[in-house]
Amino acid sequence: MAGRKRGPFVAGNWKMHMTRPEARELAEKAVAALAGLHESEIVLFPSFTALAEVGRAVAGSGIKIGAQDLHWEDKGAFTGEVSAPMLRDAGCTHVLVGHSERRQYFGETDESVNRKARAALRSGLTPIVCVGEVLAERESGRTIERIDAQLSAGLRDLASGEMEAVVLAYEPVWAIGTGKTASPGQAEEVHAHIRRRLEESYGKDRASCAIILYGGSVKPANSYSLFKEKNIDGFLVGGASLDAGDFAGIAAEALRAYREEK
Ligand code: PEP
């Protein structure tokens with residue numbers, strides 16, 4: 001396969017885990033375990049309360065931090081919410097938008113995903129926009145239809161220049177936290193489709209540079225074969241990111257596949 005420039009990009013979504021001392025310990029372990037894997041872009045997504053702590057722990061390592069959600073307004077009377085400027089102030093470079101758990105449990109819609117992505121970009125944050133079908137949609141042959149709907153509404157009105165700063169994550173909902181992983185072929189089919197859609201909307205150059213992550217029960221044992229697929233540029237990792245060794249193993253296997261292609 002011809003060498004590619006994209007990736008590996010490995011993101012760890014810690015979800016609602018870790019007090020500040022626990023987060024510091026995990027971040028320190030991640031820094032040690034990931035040393036030597038600096039060709040990869042690594043971003044950790046702790047809870048809001050641990051952002052500053054994790055930011056200090058990773059300082060100077062090249063590892064970045066991001067938040068798991070944001071509000072679409074920069075400030076105002078929105079009790080309990082956190083804005084993009086606040087995340088920048090806390091040291092974030094990235095933010096997850098439209099994670100399936102936000103969609104499933106907290107009423108996230110494609111419209112709010114779009115507003116949040118635009119808010120992130122306004123503040124210079126890289127949004128990682130998550131899309132993915134539920135099991136019933138896959139089983140009834142509606143995967144691509146669902147992805148298309150999420151992409152067109154979630155990315156609505158984003159200019160080609162803005163898309164440069166957007167990362168996409170394909171996360172089949174049936175594979176998240178379930179131990180079931182999409183096969184490399186199943187994942188690649190959707191990733192290739194997403195890249196084609198980006199090409200139609202933003203042109204070939206923008207599409208060929210776009211980072212498209214896969215998420216759904218990624219482990220050290222499957223990251224090599226997934227990354228070998230042409231359109232899989234890295235991973236959004238949930239459960240396995242809570243173990244520094246596993247997380248580093250995923251990054252190392254992706255990097256091994258990447259180096260073979262260069
Ligand atoms: C996720 O939360 O984005 C995720 C992919 O979780 P897991 O790796 O645990 O399936």
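Below, each value reflects all heavy atoms present in this structure, side chains not excepted, and no hydrogens, waters or symmetry copies. Both ligands and their constituent atoms are indexed starting at 1 by order of listing.
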For residues 234-251, dump all side-chain donor-acceptor pairs below 3.5 Å to protein atoms at least two apart in sequence or in another chain.
from   : atom 1 : to     : atom 2 : distance (Å)
Ser241 : OG     : Asn13  : O      : 3.4
Ser241 : OG     : Val237 : O      : 3.4
Ser241 : OG     : Gly238 : O      : 2.7
Asp243 : OD1    : Gly245 : N      : 2.9
Asp243 : OD1    : Asp246 : N      : 2.9

Connecting only ILVMFWY residues whose side-chain heavy atoms lie within less than 4.5 Å of each other, what is the rest of Phe106's hydrophobic cluster? Tyr105

Would you check if the distance from the ring center of His193 to the ring center of Tyr170 is below 6.0 Å? no

Please tabulate, for the side chains in residues 121-128, all donor-acceptor contacts under 3.5 angstrom to protein atoms that are two or more places apart in sequence or on a different chain.
from   : atom 1 : to    : atom 2 : distance (Å)
Arg122 : NH2    : Trp72 : O      : 2.9
Arg122 : NH2    : Asp74 : OD1    : 3.2

Residues Glu108, Lys116; criterion side chain to side chain contact (heavy atoms under 4.5 Å, CB included); working and verdict: CA-CA 10 Å; Glu108 189 87 274; Lys116 290 178 177 188; 3.1 Å; yes

Collect the protein residues that have a non-hydrogen atom under 4.0 Å from ligand 1 and hand them over in chain and number order. Asn13, Lys15, His99, Glu171, Ala175, Ile176, Gly177, Gly215, Gly216, Ser217, Leu236, Val237, Gly238, Gly239

Is Glu199 paired with Arg196 through a side-chain N to carboxylate O contact shorter than 4.0 Å? no

